Amino acid sequence: MELPLTALRNGETGVITSTDINSERQMTCKHRARKGWKKKVTPERCIKRITDLGLTPGTKVTVVKSAPFNGPLEICVRGSRLAIGRGMASRIIVDTER
């Protein structure tokens with residue numbers, strides 16, 4: 001069953017099948033150093049960042065911890081732990097056996 005990474009619960013594992021570059025949503029990045037500064041993140045930049053982190057199709061990923069109140073996800077990929085935001089995680093499609 002193919003689901004976004006955000007649908008997995010703590011301890012669940014899936015294999016990345018694709019990244020959703022056709023998402024209509026725009027993500028924004030807020031930088032605390034400059035109050036009120038917002039930067040639009042294009043889907044292409046988001047996919048490049050996902051790829052740079054090693055989240056490529058065929059990679060096994062485990063959700064270690066999901067922060068409350070729609071906070072970031074802590075995931076384990078290739079022996080490393082990463083924290084990624086829900087906006088980025090929602091673009092990663094995983095295949096899971098339930």
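Every value quoted in this text rests on a predicted model; they were computed, and no experiment measured them. For the numbers below, each heavy atom of this structure counts, side chains included, while hydrogens, waters and symmetry mates do not.
- A side-chain donor-acceptor contact under 3.5 Å links Thr62 and Thr13.
- In the hydrophobic cluster analysis, where Ile, Leu, Val, Met, Phe, Trp and Tyr join through side-chain heavy atoms closer than 4.5 angstrom, Leu82 is grouped together with Val94.
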Q: Before giving the answer on side-chain contact (heavy atoms from CB on, under 4.5 Å), spell out for Thr59 and Val15 the whole-Å C-alpha distance, their side-chain angles and the decisive distance to 0.1 Å.
A: CA-CA 6 Å; Thr59 304; Val15 177; over 6 Å; no
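- Taking both residues in full, the closest heavy atoms of Ser90 and Thr6 are given as N-CG2, 3.7 Å, listed atom of the first, atom of the second, then distance.
- With rounding to the nearest 0.5 Å, the separation of CG in Asp95 from OG in Ser18 is 10.0 Å.
- The CZ atom of Arg86 sits 9.5 Å away from the CG atom of Leu5 when rounded to the nearest 0.5 Å.
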Q: Determine, stepwise, if the pair Glu12 / Val63 fulfils side-chain contact (heavy atoms from CB on, under 4.5 Å).
A: CA-CA 6 Å; Glu12 289 186 333; Val63 175; 5.6 Å; no
Q. For Ile50 and Met88, what are the C-alpha separation, side-chain angles and deciding distance, and is it a side-chain contact (heavy atoms from CB on, under 4.5 Å)?
A. CA-CA 8 Å; Ile50 290 170; Met88 188 179 295; 3.5 Å; yes
Q) Given the rule in the side-chain contact (heavy atoms from CB on, under 4.5 Å) test, do Ile92 and Leu55 qualify, once you have shown the distances and angles that lead to the verdict? A) CA-CA 8 Å; Ile92 302 170; Leu55 301 169; 3.7 Å; yes
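- A salt bridge (Lys or Arg N to Asp or Glu O under 4.0 Å) check over residues 59-78, counting only residues at least two apart or in different chains, returns the pairs Glu74-Arg81.
- Following chains of ILVMFWY side-chain contacts shorter than 4.5 Å, one cannot reach Val77 starting from Ile93, and the two form parts of different hydrophobic clusters.
- Contact between Leu3 and Thr96 at its shortest, heavy atoms only, is CD1-CG2, 3.8 Å.
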